[in-house]
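Here the structure is laid out as structure tokens; the discussion comes afterwards.
All values reported here derive from a predicted model rather than from experimental measurement.
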Amino acid sequence: MLASSPHQLFMFSGKGGVGKTTLSCGFARQLAQQHPAETVLLLSTDPAHSLGDVLLIAVDNQPTPLPDLPNMQVRALDAAALLEQFRADYGTVLELLVERGSFVEGDDLSPVWDMGWPGLNELMALLEIQRILRDREADRVVVDMAPSGHTLSLFALMDFLDTLLEALGQFQQKHRTLTETLAGRYTPDEADQFIQDMCHDLEQGRSLIQDRNRAACWVVGIPEPMSWAESDRFITALGHLGVPLGGLVINRVIPALATHRQVLAEFVAIAQGQPVLWVPAQVSEPVGAAALDALMPQVKPLDLPLAGEQPADDSSLVHQWPAPLLPGLEDFVAAGRRLIVVGGKGGVGKTTVSAALSWGLAERHPEANLRVMSIDPAHSLGDAFGQPLSHEPTLLRPNLQAQEVSADVVLDQFRADYLWDLADMMAGDGEIAGGIQLAYGPDAWRQIVAQALPGIDEMLSLITVMDLLERNEQQLIVLDTAPTGHLLRFLDMPTALGDWLGWIFKLWIKYKDVVGRVEFMGRLRTLRQRVLAAQEKLKDPQYTEFIGVVQNQSAILAEASRLNHTLYDRGIAQRYIVHNRYQSGLDLPAELFPHQCVVRLAALAPSPQSFDQVKQAAHLLLTPPSTAQAEVISPV
């Protein structure tokens, strides 16, 4: 059904871990097989690429034809490499435009290209997809998107780029007015052409992504309440952004389970009249060409009730909790930890583990104040606890608060504290050219700052966590993080933000007689000191505990292994791995995590209430007090 669609662009997204990559790979292969005369390009925009893990081939930034399907190419976008190419193509003219709209000189801007950019992955992915479509490098493009929160950031960049190009146009207008005033005439230059070309490309890209006849976003889910809730929010957001919904694909369905059939009906209700497909749960993990080709014929339109299956009465399983397995997680409150960071690939159970750990520790330590926070832009912490959460902390029990960080709220405060002043400083003040007042600079910089600035969620999350740690009101904070690629951006953010502040200081020292603003620079200096202090805390194993969550699937374990090595390279200790949905006898390979304690969390008993499963997991994860002394692992 999918492969018969006439669309040129197919985008697959949804909650992390629901099978987006598997279905993207399987569908792209099916599309290439059914259209042998067409070129099919399969792209990944997720910073934590896993196309290679599913296809069982090496995948990088260069389009690679499949050995058995020469008309299908696979590519994992590399944001850093794309930025280098973008700099080579447009760096000079962009530096010229910023110079024309600020007090800085072109040479001052060169270091910016080598610093960490918030939203870089989303920006480079959007520009590259637009370029591929514009240059017709493939007849059909299938995109394995990042999880839903960061997919929305990518789509929102179209509006941000509109504003950015408008601001650059104002910088150019300032230059144009000055030139006409001083020289009497103006001749368009390469900056005018750049703005014109970029505006045209952006409009062409937007028109394709928002054209229901040429493009569609397919939302992948699984028959669980948390996946349904996130899909519902995601579909609503797609509508606001004008991105057409192609339909839903519900993966890992067990038709005989009454709970699955109930959630399937709820998925149909949010599909907005678009097709709903379903995929039965597989006995083994579908990786490699043969398994993917065998999977796709099983993708069928959903027709309730599902024929040939009688719903089992699985309600009796709700109260059959599995028994705890040793070793468990230690008592982090008693151990003096202040920050727990829970991370891993999307969909492995990070949110459930975060919620359960905070609930279990709060239960064990009624004298300690704890907070559990979601810093994933696609929040599901409230879904786990079975109640709405917001940026304002919600009291779950007398000593436990829960919070879903709102980037909008934090950004508003960050603007008031720093960004409005920074915009005014970059624009410069005063009259020029014999009394002519040009307002293009200040207005343009403020327009940029006033935007939602997609992709800076990690920076804003860092600011929020820093504020909480400095206030010292909680004995322990548990962070439910975004999936792996964006978690690493959060962990990199102290370095990136420190580099940006250092660059601003150098500019100020060079131009302080022009820009003044001594008090503002004092505030930025204090911010940099706070950022560096947060970086030290993240690397202190006595202060911060990093817990990885995995399931026993090859793609998940491959990504977890890469994450483990990356954390080691960055000086961040990881002592625990939670093996979620553990099945007796199916342990993780011993050589995979030789320096970590693997905590086995058995599959939770089905329950219509997600909070019941959180309580189950809390009971299973923590080492019982009677055996805790024997199980404690010393920080590395």
Side-chain angles (χ1 to χ4, degrees), residues 149 226 329-344 349-411 413-414 457-482 487 490-491 493-494 530-531 533-534 537-538 540-547 549 576 578 610-611 613-615 617-618 621-622:
M226 288 175 62
L329 295 172
E330 69 176 289
D331 185 333
F332 296 117
V333 173
R337 301 293 181 275
R338 302 299 307 281
L339 181 65
I340 307 292
V341 181
V342 181
K350 297 185 303 295
T351 300
T352 298
V353 169
S354 301
L357 183 56
S358 62
W359 185 264
L361 289 172
E363 218 171 23
R364 185 173 294 188
H365 290 278
E367 79 288 353
N369 288 320
L370 283 74
R371 182 176 297 188
V372 57
M373 302 169 57
S374 167
I375 60 172
D376 187 340
H379 299 296
S380 55
L381 188 61
D383 301 332
F385 283 115
Q387 67 178 89
L389 297 177
S390 68
H391 188 77
E392 289 300 314
T394 298
L395 199 63
L396 299 179
R397 53 186 302 143
N399 65 329
L400 176 63
Q401 296 176 328
Q403 176 183 8
E404 292 181 341
V405 174
S406 166
D408 291 340
V409 173
V410 183
L411 180 56
Q413 187 61 52
F414 197 65
D457 306 87
E458 290 83 11
M459 185 191 77
L460 300 174
S461 297
L462 174 66
I463 298 296
T464 304
V465 173
M466 283 181 358
D467 287 342
L468 278 176
L469 295 176
E470 289 164 0
R471 292 209 299 267
N472 207 28
E473 295 173 354
Q474 277 82 33
Q475 276 73 25
L476 181 68
I477 297 171
V478 179
L479 289 187
D480 174 32
T481 66
L487 164 65
F490 169 76
L491 297 175
M493 194 48 61
R530 294 170 58 207
V531 168
K537 290 173 180 174
L538 284 172
D540 181 355
Q542 299 290 347
Y543 193 99
T544 299
E545 190 78 44
F546 185 93
I547 298 174
V549 183
Y576 287 101
V578 173
S610 55
F611 192 16
Q613 295 200 314
V614 167
K615 292 176 180 177
L621 279 172
L622 288 169

(message) Is any side-chain heavy atom of His379 closer than 4.5 Å to one of Leu389?
(response) no
(message) Which residue is it: Val353, Leu357, Leu329? I am looking for the one with a side-chain contact (heavy atoms from CB on, under 4.5 Å) to Ile340.
(response) Leu357
(request) Just do the side chain to side chain donor-acceptor pair (under 3.5 Å) check on His391 and Asp408 with the steps written out, would you? (result) CA-CA 10 Å; His391 188 77; Asp408 291 340; over 6 Å; no
(message) Please find the pair of heavy atoms, one from Ser461 and one from Ile375, that lie closest to each other, and give the distance.
(response) OG-CB, 3.4 Å
(request) Could you go through the side chain to side chain contact (heavy atoms under 4.5 Å, CB included) check for Lys537 and Met466 one step at a time? (result) CA-CA 10 Å; Lys537 290 173 180 174; Met466 283 181 358; over 6 Å; no
(message) Any non-hydrogen side-chain atom of Leu460 less than 4.5 Å from a side-chain atom of Val405?
(response) no
(message) Students often mix this up, so state it plainly: with edges at 30° and 60°, are the rings of Phe385 and Trp359 parallel, tilted or perpendicular?
(response) tilted
(message) If we check side-chain contact (heavy atoms from CB on, under 4.5 Å) with Leu476, which of these qualifies: Val372, Leu361, Leu339?
(response) Leu361
(request) Please round to the nearest 0.5 Å and tell me the distance separating atom CG of Leu462 and atom CG of Leu538. (result) 7.5 Å
(message) If I take atom CD from residue Glu330 and atom OH from residue Tyr576, how far apart are they, to the nearest 0.5 angstrom?
(response) 4.0 Å
(message) Applying side chain to side chain contact (heavy atoms under 4.5 Å, CB included) to Leu468 and Arg471, what does each step give before you reach the verdict?
(response) CA-CA 5 Å; Leu468 278 176; Arg471 292 209 299 267; 3.3 Å; yes
(request) Taking the side chain as every heavy atom from C-beta outward, state whether Val478 and Phe332 have any pair of such atoms under 4.5 Å apart. (result) no
(message) As an exercise, state the distance from CG of Leu479 to CG of Leu381, rounded to the nearest 0.5 Å.
(response) 10.5 Å
(request) Would you give the length of the straight line joining atom CG of Asn369 to atom CD of Glu473, rounded to the nearest 0.5 angstrom? (result) 9.0 Å
(message) Nearest 0.5 angstrom please: Gln403 CD to Ser374 OG, how far?
(response) 9.5 Å
(message) Counting C-beta onward and ignoring hydrogens, is there a side-chain heavy-atom pair between Lys350 and Thr481 closer than 4.5 Å?
(response) yes
(request) For residues Ser354 and Val342, report the shortest heavy-atom separation together with the two atoms involved. (result) OG-CB, 3.3 Å
(message) Please find the pair of heavy atoms, one from Val333 and one from Ala368, that lie closest to each other, and give the distance.
(response) CG1-CB, 4.2 Å
(request) Would you mind reporting whether Thr464 and Met373 have side-chain heavy atoms less than 4.5 Å apart? (result) yes
(request) Would you sort out whether Leu400 and Leu370 count as a side chain to side chain contact (heavy atoms under 4.5 Å, CB included), showing the intermediate values? (result) CA-CA 5 Å; Leu400 176 63; Leu370 283 74; 3.9 Å; yes
(request) Show your reasoning for whether side chain to side chain contact (heavy atoms under 4.5 Å, CB included) applies to Thr351 and Met226. (result) CA-CA 10 Å; Thr351 300; Met226 288 175 62; 3.9 Å; yes
(message) Does any part of the side chain of Ile477, heavy atoms only, come nearer than 4.5 Å to the side chain of Val465, both counted from C-beta?
(response) no
(message) Using only atom types and a distance under 3.5 Å, with no angle test, would you say the side chain of Ser358 pairs donor to acceptor with the backbone of Ala355?
(response) yes
(message) Tell me if a side-chain donor or acceptor on Arg337 pairs with a main-chain N or O of Asp331 at a distance below 3.5 Å.
(response) no
(message) Tell me the closest heavy-atom pair linking Leu487 and Gly344, and the distance in Å.
(response) CD2-N, 4.4 Å
(message) Nearest 0.5 Å, please: how far is NZ in Lys615 from OG in Ser610?
(response) 11.0 Å
(request) Check whether any side-chain heavy atom of Gln475 lies under 4.5 Å from a side-chain heavy atom of Glu367, and answer yes or no. (result) no
(request) Check whether any side-chain heavy atom of Val549 sits under 4.5 Å from a side-chain heavy atom of Thr352, and report yes or no. (result) no
(request) Determine the minimum heavy-atom distance between Gly360 and Leu622, stating which atoms define it. (result) C-CD1, 3.6 Å
(message) For Gly149, is there any backbone N or O sitting under 3.5 Å from a side-chain donor or acceptor partner on Asp376?
(response) no
